[in-house]
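Each remark here refers to the structure printed beneath this line.
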Amino acid sequence: MPINMDVLYLRHSIIDKVRERYGIEISRYDITYPPEGYGDLSLPCFKIGKHLKRSPNEISKELSSEDWGEAVENISAVGPYLNFSLRYELGLLWALKVIENKGTLIDFERKNVKVLIEHTSANPTGPLHVGRARNPIIGDSISRIMRAYGYDVTTEYYVDDMGFQVATILWWCLKHGFPKEESAYEFVRIYQKANAEVEEKGLQKDVLEILRRYESGEFKEEVSRIVDCVMRDILSSLERLNIRFNSIVKESKFVFDGSTKRVLEELSKRGILRKDSTGALYVELEEVCPEIARGLQDTSMYLTRSDGTTLYALRDIAYHIDKGKRADIIINILGEDHKLEASFVQCMMRILGKKVPEVVFYSFVSLPEGRMSTRKGRVIYLDEILEEGILRAYQEVKKRRPEISDEEALKIAKKVGVGAVRYGIVKVQLEKPIVFKWEEALSLEGDSAPFIMYSYVRALGILNKSKEEWLSLEKPIIKDALEKKLMKQVLRFRDVVEEAALTRRPYLIAKYSYETASIFNNFYEKCPVLSESDPLRRLTRLALVHVTATVLKDAFSLLGIEMPEKL
RNA sequence: GCCCCCGUGGGGUAGCCUGGAUAUCCUGUGGGCCUGCGGAGCCCGUGACCCGGGUUCAAAUCCCGGCGGGGGCACCA
């Protein structure tokens with residue numbers, strides 16, 4: 001394997017060099033991407049200067065005379081900034097070599113760290129709607145990115161088969177019988193009806209009684225009949241998005257195997273478990289986790305009901321103790337409505353001396369007419385937008401490429417439609433709320449998956465047409481500004497992947513894909529490849545197209561989006 | 001009422017955590033580019049850091065106080 005020649009490599013060389021030379025530990029964030037025209041990476045020397053009580057200009061000058069190895073073509077001190085430029089010719093040869101050996105530019109050392117990512121975990125009361133779809137898309141993308149970066153990642157869906165919601169469905173089925181056709185769509189209708197009746201007539205007690213009997217061992221078959229059916233449909237919707245789980249864990253497990261009981265014993269032993277006048281167990285947040293008690297009206301966090309049945313928070317603690325035994329890093333993807341419960345679990349894990357989960361929160365996806373609500377029936381289901389997206393893409397393909405067979409057009413349309421949905425959601429930063437609009441989600445232009453796919457297909461078009469073998473390239477000539485810009489972008493790829501993996505921010509990959517496609521389109525207009533007369537430059541451009549196509553495909557694979565070969 | 005998150009051109013969005021060299025990009029809008037490797041494209045113009053203080057050589061970025069939007073506030077999950 002050739003030694004690395006890209007931005008990531010350079011970034012780490014800078015960190016190493018500063019440590020060697022000055023004994024100062026800087027982080028990857030102390031090194032920035034400079035504005036255009038100043039090279040590939042830049043080290044502002046203010047911090048080091050301050051540390052050494054010397055002027056930053058002096059430091060940058062001093063460092064510029066160091067030996068930076070053959071990957072660096074130019075290094076210049078501009079005032080307090082130290083700017084580095086990579087040797088693009090070597091970078092291109094390096095990228096070709098890596099891709100030849102691995103078939104991808106995603107090439108990282110194994111970290112031997114086990115990561116457990118829990119995501120989606122939607123209640124099994126009906127099909128997934130778009131509001132919830134943000135969760136699996138984020139979770140799956142983070143999983144793919146961290147796996148690519150070298151972690152041993154396991155993904156898990158935590159099924160709440162023991163909550164009030166599922167019990168509500170069961171209550172109805174026990175009363176009226178199971179539906180003729182059992183499906184997620186049928187059960188969600190029952191859920192809506194049952195829920196309305198429970199609320200209207202105040203029948204919560206009846207549902208609670210069912211829950212109590214379930215916890216003491218009854219109805220196991222009936223519950224799994226509902227839950228397994230709904231889960232089957234949820235998982236198949238997710239399958240359409242290219243999302244699969246390594247494991248599915250049911251909440252009831254932790255009640256039936258005695259874990260929740262052991263948690264209560266442990267808390268009781270530590271003297272933090274309290275019982276109120278009705279017999280319900282709780283912990284007092286003021287005393288146990290004062291930092292999250294702030295802003296609450298009632299600071300008791302209940303773990304059981306007065307009839308002795310378990311509550312979500314208790315089961316979640318048991319679950320997290322179990323997770324801790326299976327992984328080094330625990331990551332949960334949760335909607336922002338779980339913030340309180342999540343910080344409670346984190347706090348309890350700290351108190352119990354267990355591994356504390358890291359939580360990635362996202363804001364809701366809503367509709368122009370308001371927040372989605374299963375109970376109120378104001379929803380767009382994931383299946384609906386996938387179908388709509390695929391349909392629109394299909395029509396577009398048929399219109400533009402009438403010679404393609406219906407079957408192939410549908411295959412392409414699936415990739416485009418699914419890609420558009422995934423991309424549209426992942427490209428927005430997590431803490432921003434999304435208002436779902438059909439036109440935006442399914443846009444075929446601008447900052448969207450189809451645009452990037454189109455660029456990729458264009459690149460393939462060139463490669464397929466060429467009779468020459470770009471792998472034979474030995475002496476690249478990279479002169480044109482757009483050739484340089486494109487190469488620079490390719491050399492940033494692994495650096496972006498590292499940052500996305502470390503910060504758990506998949507939208508960085510989306511942004512990178514778009515930038516790359518955009519630069520490529522620019523290059524495509526201005527730098528003809530096949531008609532270039534100088535054979536060396538032609539071969540160089542061909543190689544450039546090849547590595548760009550690979551990087552686009554790689555980036556999309558990190559987002560769980562398949563690239564079509566044709567459009 | 002209290003706590004958390006967010007506020008960037010007409011709409012959307014990156015940059016904020018980690019202060020630093022010309023605030024990113026999409027869309028909209030005005031104009032231009034097809035006998036060309038696939039126009040789902042490219043180029044040029046237009047237009048923004050919520051308000052007020054503070055810290056700093058330097059603030060979109062950090063701190064304090066407002067205002068506006070989202071979320072939470074416990075025997076739901």
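Using a 4.0 Å heavy-atom distance criterion, Asn83(A) is classed as a base contact. Val457(A) comes within contact range of at least one nucleobase, with a heavy-atom separation under 4.0 Å. Residue Tyr524(A) is in base contact, counting any heavy-atom pair closer than 4.0 Å across all strands shown. Nucleic acid contact class of Ser42(A) (heavy atoms, under 4.0 Å, all strands): base. Among the atoms of the strands shown, base atoms are found under 4.0 Å from some heavy atom of Tyr312(A). Cys45(A) comes within 4.0 angstrom of no nucleic acid atom, judged by non-hydrogen atoms across all strands. Counting any heavy atom pair closer than 4.0 Å across all strands shown, Pro34(A) reaches a base atom. Residue Leu285(A) is in base contact, counting any heavy-atom pair closer than 4.0 Å across all strands shown. Contact annotation for Gln297(A): base contact, defined as any heavy-atom pair under 4.0 Å involving a base atom.
In the set G70(B), A21(B), G38(B), G38(B) carries the atom at the smallest distance from any side-chain atom of Lys465(A). The side chain of Lys432(A) approaches C6(B) more closely than any other nucleotide in the set A77(B), C6(B), G71(B). Listed nucleotides: C37(B), G15(B), C76(B). Nearest to the side chain of Arg505(A): G15(B). Closest contact between the side chain of Glu396(A) and the listed nucleotides A40(B), C76(B), G71(B) involves A40(B). Among C25(B), C76(B), G41(B), the nucleotide with an atom closest to any side-chain atom of Tyr514(A) is C25(B). Between C43(B), G15(B), A77(B), one nucleotide has an atom nearer to the side chain of Lys526(A) than all others, and that is C43(B). Taking the side chain of Leu340(A) as heavy atoms from C-beta on, and the options G72(B), C26(B), A77(B), the nearest nucleotide is G72(B). Out of A40(B), C75(B), C76(B), the shortest distance to the side chain of Leu444(A) is found at A40(B).
Regarding Tyr423(A), its OH atom lies at a distance of 9 Å from the C1' atom of C26(B), rounded to whole Å. Between Arg458(A) atom CZ and G36(B) atom P the separation is 13 Å, expressed in whole Å. Distance, Gln429(A) CD to C26(B) C1': 16 Å, rounded to whole Å. Whole-Å rounding puts the Leu460(A) CG to G38(B) C1' distance at 12 Å. For the pair Arg400(A) CZ and G38(B) P, the interatomic distance rounds to 15 Å; values are reported in whole Å. The separation between His338(A) atom NE2 and C5(B) atom P is 19 Å, rounded to whole Å. Protein atom CZ of Phe364(A) is 13 Å distant from nucleotide atom P of G70(B), rounded to whole Å.
For C75(B), the OP1/OP2 oxygens have no side-chain nitrogen or oxygen of Tyr282(A) closer than 4.0 Å.
Taking 90° from 0 as the syn/anti boundary, the base of C16(B) is oriented anti.
When only modelled atom types and interatomic distance are considered, Asn521(A) and Tyr454(A) share no side-chain donor-acceptor pair under 3.5 Å. For the residue pair Tyr158(A)/Asn332(A), the side-chain donor-acceptor check at 3.5 Å is not satisfied. Defined by atom type and a distance below 3.5 Å, a donor-acceptor pair is present between the side-chain atoms of Asp307(A) and Thr309(A).
In this structure, Tyr302(A) forms an aromatic stack with the base of C75(B), since both conditions hold: centre separation below 5.5 Å and plane angle below 30°.
Across the C1' atoms, U13(B) and C57(B) are found 32 Å apart, a figure rounded to whole Å.
Below the 3.5 angstrom threshold, one finds no donor paired with an acceptor across the side chain of Asn522(A) and the base of C43(B). Side-chain N/O atoms of Arg401(A) and base N/O atoms of G38(B) include a donor-acceptor pair closer than 3.5 Å.
By the 6.0 Å contact criterion, NE2 on His51(A) is open, its count of non-hydrogen atoms from other residues, nucleotides or ligands being 12 or less.
Note on Arg11(A) versus Glu498(A): no salt bridge recorded, every NZ/NE/NH1/NH2 to OD/OE distance being 4.0 Å or above. Under a 4.0 Å N-O distance rule, the pair Glu396(A)/Lys399(A) qualifies as a salt bridge. Salt bridge status for Glu525(A) with Arg458(A): present, with a side-chain N to carboxylate O gap under 4.0 Å.
For the pair Leu82(A) and Leu508(A), both in contact range of RNA chain B, the more 5′-proximal nearest nucleotide belongs to Leu508(A). Along RNA chain B, the nucleotide nearest Asp447(A) and the nucleotide nearest Pro433(A) are compared for position; the residue whose nucleotide lies closer to the 5' end is Pro433(A).
Pairing for G38(B) is absent, judged as Watson-Crick or G-U wobble with the two contacts each under 3.5 Å. Under the Watson-Crick and G-U wobble criteria, each requiring two contacts below 3.5 Å, nucleotide C49(B) is left unpaired.
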